[in-house]
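Here's the structure we're looking at; comments come further down.
Letters A, B, ... are given to chains in the order of the sequence lines, protein chains preceding strands, and every chain is numbered from 1. Note that the structure is a prediction, hence the values are computed from the model and not measured.
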Amino acid sequence: MAKQKVLAIVGPTGIGKTALSIRLAHALNGEIVSCDSMQVYKKMDIGTAKVTEQEKDGIVHYLVDEQAYDIPYNVKVFQKKCRQAIETITHKGKFPILCGGTGLYLKAALYDYDFQEEQPDTQYDAYLHTLNNDQLHELLNKQDPQSAQKIHSHNRKRMIRALQIAHQGLNKTQREAQQNHEPIYDIFFLGLSVDRDLLHDRINQRVDRMFDAGLVEEVQSLFADPKTWEYTSFQGIGYKEFKAYFLKEKNLEEIRTQIKTNSRRYAKRQYTWFRNQMDVHWYEPDDPKIEEDIQAWISSCREE
RNA sequence: GGUCUCAUAGCUCAGUUGGUAGAGCAACGGACUGAAAAUCCGUGUGUCGUUGGUUCAAUUCCGACUGAGACCA
């Protein structure tokens, strides 16, 4: 049986994925699934550059604006919901268009990543957090030597996660050996790319527009309480930087500059991911060949 | 107008008792399987303002010029 066709629009922040996705949704009778780890959260509108109702232009969107910002979200949840959304869209006879910049989410949903049920062991987690980097690395080397090789001994977050996995039964290496590392759909990865200086200009301007649109008020209304600084959602660029402002360590101008810098660096990491993790067809955002190539891909019985 | 100080990486600056130079930030490259807008790793990208002079050798010493700043008028 032929795999379901899925279009995935990827690329760095601020390059125009949203606008293109809506244009293509109209052209292809499609509906859009957002693949963005921050736009899922409700109320975080300005800082995440979330699609507005106006911009949606009648196109149905999934996985945007649906999670309370004080509840953590993660890849496993996303993977399930994204696959469900693709199914829902297909059943309606519409074309599924994925659009977003969170590379891991895209890959987990579209490839045969398999997340298992786990029972959290808070005691063990607490124990792991008491270990220093060298101790973590040493322990990981016993539990999962191959992962210990791959994960740098300074990367606490990754070492702890690998140890948590091993604690559940099969270790990370064994789990991943059960996967084929192949896409489960027939995917066209459409990547948007522009000259780096131009992208930086756009990012800087977009951050300025966020401030004009009331970013400070938005952040103040959601994250003024220090307790909220632990939320996963507060890790978003455009939010976390305000911590220094709340603590009176920096003024708003410094915060604005920091947000621009972090956005640029994020864009760079996104390029790195999409260039190296998946087979992307790259285009400039206004390239007229985009629609042509998509139509050709859709009408081809199978792409190989 | 006069005196003095400064001029080194994209930015802020260090340094070479004369043998063509290094930090932070930025930037760039990479990793990535339950926080991923997270987390982590790697890389110095430079006519040492311009131009003469001294010297085997000048970014370093001397002169002139240009620019910036401070002070005196």
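- You'll find that the side chain of A:H152 is closest to B:rC41, out of B:rC41, B:rA36, B:rC32.
- Atom CZ of A:F223 sits about 11.0 Å away from atom CZ of A:F242, to the nearest 0.5 Å.
- With hydrogens and angles ignored, a donor-acceptor pair under 3.5 angstrom links the side chain of A:R158 to the base of B:rC32.
- Among the heavy atoms of the strands lying under 4.0 Å from A:G101 are primed sugar atoms or P, OP1, OP2 only; no base atom is included.
- Spacing between B:rG19 and B:rG1 at atom P, rounded to whole Å, works out to 39 Å.
- Here A:Y105 lies in heavy-atom contact (under 4.0 Å) with sugar-phosphate atoms only.
- A donor-acceptor contact shorter than 3.5 Å is absent between the side chain of A:Q168 and the backbone of A:I165.
- Put simply, the side chain of A:D144 gets close to the backbone of A:T173: a donor and an acceptor are under 3.5 Å apart.
- Side chain of A:S34 to main chain of A:V64: no donor-acceptor pair is present (N/O by atom type, distance under 3.5 Å, no hydrogens or angles).
- Place A:H181 and A:A49 on RNA chain B by their nearest nucleotides, and A:H181 ends up nearer the 5' end.
- Residue-level contact check: A:S37 touches the bases, meaning some heavy atom is under 4.0 Å from a base atom.
- For A:N74, the side-chain atoms get nearest to B:rA35 when compared with the rest of B:rC41, B:rA35, B:rA37.
- Between B:rU47 and B:rU12, the distance separating the two P atoms is 15 Å to the nearest Å.
- Nucleic acid contact for A:Y73: sugar-phosphate only, since backbone atoms but no base atoms lie under 4.0 Å from a heavy atom of the residue.
- Contact annotation for A:T13: no contact, since no heavy-atom pair falls under 4.0 Å across all strands.
- Protein atom CZ of A:F78 is 15 Å distant from nucleotide atom P of B:rA35, rounded to whole Å.
- Using a distance-only test at 3.5 Å, with no hydrogens or angles considered, a donor-acceptor pair links the side chain of A:E254 to the main chain of A:N251.
- If you take atom P in B:rU17 and the same atom in B:rC32, they sit 47 Å apart, rounded to whole Å.
- Looking at heavy-atom distances under 4.0 Å, A:I151 makes no contact with the nucleic acid at all.
- In this structure, A:L106 atom CG and B:rU33 atom P are separated by 16 Å, rounded to whole Å.
- Checked by atom type, the side-chain pair A:R206/A:T13 shows a donor-acceptor distance below 3.5 Å.
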Which atoms of nucleotides 24-28 of chain B (N or O only) lie under 3.5 Å from a protein N or O atom, and what are those distances?
from: B:rA26; atom 1: O3'; to: A:R264; atom 2: NH1; distance (Å): 3.2
from: B:rA27; atom 1: OP1; to: A:R264; atom 2: NH1; distance (Å): 2.7
from: B:rC28; atom 1: OP1; to: A:R196; atom 2: NH1; distance (Å): 2.8

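- Put simply, CG on A:L136 and NE2 on A:H154 are 12.0 Å apart, with the number rounded to the nearest 0.5 Å.
- Atom CD1 of A:I203 is separated from atom P of B:rA37 by 14 Å (rounded to the nearest Å).
- In this structure, CE of A:M159 is placed 16 Å from C1' of B:rA35, rounded to the nearest angstrom.
- A distance of 10.0 Å separates CZ in A:F211 from CD in A:E217, rounded to the nearest 0.5 Å.
- Not one N or O on the side chain of A:Q235 forms a donor-acceptor pair closer than 3.5 Å with the backbone of A:K240.
- You won't find any donor-acceptor pair under 3.5 Å spanning the side chain of A:H154 and the base of B:rU39, going by distance alone.
- Spacing between B:rU45 and B:rA23 at atom P, rounded to whole Å, works out to 12 Å.
- Here the side chain of A:N171 pairs a donor or acceptor atom with the backbone of A:Q143 at under 3.5 angstrom.
- Rounded to whole Å, the separation between the P atoms of B:rA26 and B:rA58 comes to 37 Å.
- To the nearest whole angstrom, the two C1' atoms, one in B:rC61 and one in B:rG24, are 31 Å apart.
- Nucleic acid contact class of A:Q39 (heavy atoms, under 4.0 Å, all strands): base.
- Rounded to whole Å, atom P of B:rC41 lies 7 Å from atom CG of A:N155.
- Using a 4.0 Å heavy-atom cutoff across all strands shown, A:Q270 reaches no nucleic acid atom at all.
- Atom-to-atom, CG of A:L104 to C1' of B:rA36 comes out at 6 Å; the value is rounded to the nearest Å.
- The C1' atoms of B:rC65 and B:rG29 are separated by 43 Å, rounded to the nearest whole Å.
- A close approach under 4.0 Å does occur between a side-chain nitrogen or oxygen of A:T102 and OP1 or OP2 of B:rA37.
- Looking at residues two or more places apart in sequence or on another chain, you find a side chain to side chain donor-acceptor pair (under 3.5 Å) between A:Y266 and A:Q270.
- Nearer the 5' end of RNA chain B, as judged by each residue's closest nucleotide, is the contact made by A:K76, out of A:I237 and A:K76.
- In this structure, A:Y113 does not reach the B:rU33 phosphate: none of its side-chain N or O atoms is under 4.0 Å from OP1 or OP2.
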Practice task
Could you summarise the pairing of RNA chain B as dot-bracket text, marking Watson-Crick and G-U pairs under 3.5 Å with ( ) or [ ] inside the strand and | across strands?
Solution key: (((((((..((((.....[..)))).(((((.......))))).....(((((..]....)))))))))))).

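- Among the atoms of the strands shown, none is found under 4.0 Å from any heavy atom of A:Q164.
- For the pair A:Y111 OH and B:rC32 P, the computed distance is 13 Å after rounding to whole Å.
- Of the N and O atoms on the side chains of A:N262 and A:E241, at least one donor lies less than 3.5 Å from an acceptor on the other residue.
- As rounded to whole Å, 21 Å separates atom P of B:rA35 from atom OH of A:Y69.
- Nucleic acid contact for A:Q79: none, since no nucleic acid atom lies under 4.0 Å from a heavy atom of the residue.
- On the C1' atoms, B:rU55 is 33 Å away from B:rG69, given to the nearest whole Å.
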